[in-house]
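Structure, as structure tokens:
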2 protein chains.
Amino acid sequence: MTSRCEMTGWVRSSMGDGVRVLVVDDEPQLLRALRINLAARGFQVSTASTGASALAAAAKTNPQVVVLDLGLPDIDGITVLQGLRGWTNVPVIVLSARGESVDKVAALDAGADDYVTKPFGMEEFLARLRAAVRRGAAVSDTPGSAVVDAGGFVVDLTAKQVTRSGEPVHLTPTEWGILELLVRNEGKLVSQRDILGAVWGPSYLNQSNYLRVYLASLRRKLEDDPGHPVHLLTEAGMGYRFVRG
Amino acid sequence: MTSRCEMTGWVRSSMGDGVRVLVVDDEPQLLRALRINLAARGFQVSTASTGASALAAAAKTNPQVVVLDLGLPDIDGITVLQGLRGWTNVPVIVLSARGESVDKVAALDAGADDYVTKPFGMEEFLARLRAAVRRGAAVSDTPGSAVVDAGGFVVDLTAKQVTRSGEPVHLTPTEWGILELLVRNEGKLVSQRDILGAVWGPSYLNQSNYLRVYLASLRRKLEDDPGHPVHLLTEAGMGYRFVRG
DNA sequence: CGAATTCTTGACGACTTCTTGACGGGCGCA
DNA sequence: TGCGCCCGTCAAGAAGTCGTCAAGAATTCG
């Protein structure tokens with residue numbers, strides 16, 4: 001609907017598409033509607049329908065913004081909010097049924113950033129969401145961000161996530177293990193034994209064929225021309241090296 | 001990583017087998033299962049079943065990674081974690097019964113690196129354990145790279161990389177072994193026997209023709225005029241010497 | 001419990017690296 | 001001057017390493 005903002009609007013390569021948003025609600029229909037709408041606008045959505053799973057999901061995906069319904073089956077939404085605030089200051093948008101102004105005060109008091117009453121219009125909601133992301137980005141970009149931009153792809157070491165031209169790339173645990181080690185030692189040559197010991201354990205130090213298989217897999221997923229890698233380099237007989245574009 | 005890489009440098013044989021891991025749990029069965037599984041993968045396991053003994057064991061064995069159950073009989077697991085964090089930043093993986101999400105958040109807030117909910121699959125657990133070891137290894141290895149500028153080329157001893165007028169130069173393992181040894185003994189004369197023993201092993205002490213071949217190769221790659229070397233010098237009958245420009 | 005993902009394993013060709021022998025030049029010494 | 005020694009150079013075969021593929025086993029997830 002004629003919204004002027006989205007499309008290329010606020011999308012910046014630095015911040016990227018794929019802003020991670022966690023949606024917590026116990027109504028399947030609303031959950032589905034939000035997931036579809038947000039995904040269509042380039043957000044990377046994860047969801048939870050209980051307070052417990054919400055906290056777990058937050059710790060796991062480290063979202064950049066959280067949408068939290070106060071009416072959850074197991075734990076009070078306010079409690080969930082407090083649980084989050086004990087650990088992160090990610091922006092939280094609270095949803096609640098209309099008129100519950102007592103809830104509203106309590107939520108904002110507990111550290112919510114914004115408050116939306118159901119039912120709500122999608123445009124308004126998206127606007128508030130974007131505002132929350134903007135605010136969050138302003139404060140959270142503090143320490144040496146654990147995000148490495150390789151040129152062709154971006155590795156977020158804390159979120160354990162890789163994006164390529166905005167699109168998230170799915171890596172298996174082993175693939176991520178190798179990539180993480182190489183990226184954390186950017187520019188340095190990492191010997192095969194080091195990788196095998198760190199990823200597979202101390203008793204796999206000679207299984208160099210594993211590395212061949214997984215490096216090939218990583219290159220297929222991350223390199224523009226997997227046959228002639230630019231970032232994931234092999235030094236024959238010595239090891240592997242990650243370099244930025 | 002954590003490689004000391006002394007003179008003989010990148011010798012192929014032994015590296016950190018037996019990563020030291022401390023497992024803290026009060027369930028004898030789980031403790032036993034973990035000990036067996038971890039030992040089978042080459043880890044060097046020590047265990048504790050109370051918070052007090054855990055702190056003592058940590059101080060004694062100085063583990064490279066700690067697995068900590070939150071439900072201990074004497075001290076709260078969080079307290080143990082804080083006790084550890086008081087003097088070390090060893091990676092800690094927290095175990096907890098499922099659903100105790102508040103505990104998880106509190107644990108992560110107190111400095112845990114990861115958490116696993118019980119019951120858990122051994123594969124997943126091992127993957128997280130290796131990831132923790134990996135992170136610990138990556139950060140502990142950050143003393144600024146030792147770089148030697150020869151004038152015509154630059155040798156980065158930690159990254160194992162040589163650049164010439166900005167462009168990286170590719171060296172074979174043997175070439176690097178010789179160059180590293182010479183550069184680490186900058187200005188000193190290194191006898192042929194020393195080089196042969198360090199790079200090829202004690203049973204190649206008389207294969208001086210190897211050195212001729214590889215020194216020629218190094219000069220071709222690094223010297224401006226390979227026929228009249230300036231940095232990689234020969235002392236007839238004695239050995240070789242590296243000097244800066 | 002079944003389906004899907006992920007991991008392991010072996011084999012092959014292409015490529016890189018190592019080894020080996022031969023040849024010639026510079027230098028000191030008889 | 002002639003000889004021997006040591007070194008630099010070259011090239012070709014041997015040996016080892018890497019990328020790739022595919023299929024079976026193991027594990028996770030719904």
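Proteins come first, then strands; the chains are lettered A, B, ... in the order of their sequence lines, and each starts at number 1. Note: hydrogens, waters and symmetry copies are ignored here, and every other heavy atom, side chains too, is used.
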field: For A:Asp224, the option from A:Arg219, A:His231, A:Arg164 that meets side chain to side chain donor-acceptor pair (under 3.5 Å)
entry: A:Arg164
Using whole Å, report how far [atom1] of [X] lies from [atom2] of [N].
X        : N      : atom1 : atom2 : answer
A:Lys221 : C:dT5  : NZ    : P     : 11 Å
B:Leu126 : D:dA26 : CG    : P     : 16 Å
B:Leu211 : C:dC18 : CG    : P     : 13 Å
A:Ile178 : C:dT8  : CD1   : C1'   : 13 Å
A:Met238 : D:dC18 : CE    : P     : 11 Å
A:Asp225 : D:dT20 : CG    : C1'   : 15 Å

Closest listed nucleotide, where the reference is the side chain of [X] and the choices are [options]:
X        : options               : result
B:Tyr210 : C:dT19, C:dT9, D:dC7  : C:dT19
A:Arg220 : D:dC10, D:dC21, D:dG8 : D:dC21
B:Gln192 : D:dC7, D:dC18, C:dT6  : D:dC7
B:His170 : C:dT9, C:dT16, D:dC18 : C:dT16
B:Arg219 : D:dT20, D:dG8, D:dT17 : D:dG8
B:Thr172 : D:dG19, C:dC7, C:dC18 : C:dC18
A:Asn209 : C:dA11, C:dT19, C:dT9 : C:dT9

Tell me whether the OP1 or OP2 atom of [N] has a side-chain N or O from [X] closer than 4.0 Å.
X        : N      : result
A:Thr234 : D:dG19 : yes
B:Trp200 : C:dT19 : yes
A:Thr174 : C:dC7  : yes
B:Tyr214 : C:dT17 : no
A:Gln207 : C:dC7  : no

message: Centre-to-centre under 6.0 Å for A:Tyr214 and A:Trp176, is that the case here?
response: no
query: At under 4.0 Å between heavy atoms, what does A:Glu175 touch on the DNA or RNA strands: base, sugar-phosphate, or nothing?
result: nothing
- request: Classify the nucleic acid contact of B:Tyr240 as base, sugar-phosphate or nothing, counting any heavy atom under 4.0 Å across all strands shown.
  value: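 Result for B:Tyr240 = sugar-phosphate.
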message: Taking CE in B:Met238 as the centre, count heavy atoms belonging to other residues, nucleotides or ligands within less than 6.0 Å. Is the count above 12?
response: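 Atom CE in B:Met238 is not crowded, with 12 or fewer foreign heavy atoms closer than 6.0 Å.
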- request: First locate atom OG of A:Ser191, then atom CG of A:Leu211, and finally report the distance between them rounded to the nearest 0.5 Å.
  value: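 Between atom OG of A:Ser191 and atom CG of A:Leu211 there are 9.5 Å.
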- prompt: So, B:Glu175 and B:Lys221, do they make that salt bridge, N to O below 4.0 Å?
  reply: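 Yes, B:Glu175 and B:Lys221 are salt-bridged.
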message: If you assign B:Phe125 and A:Glu235 each to the DNA chain D nucleotide with the nearest heavy atom, which residue ends up on the more 5' nucleotide?
response: A:Glu235
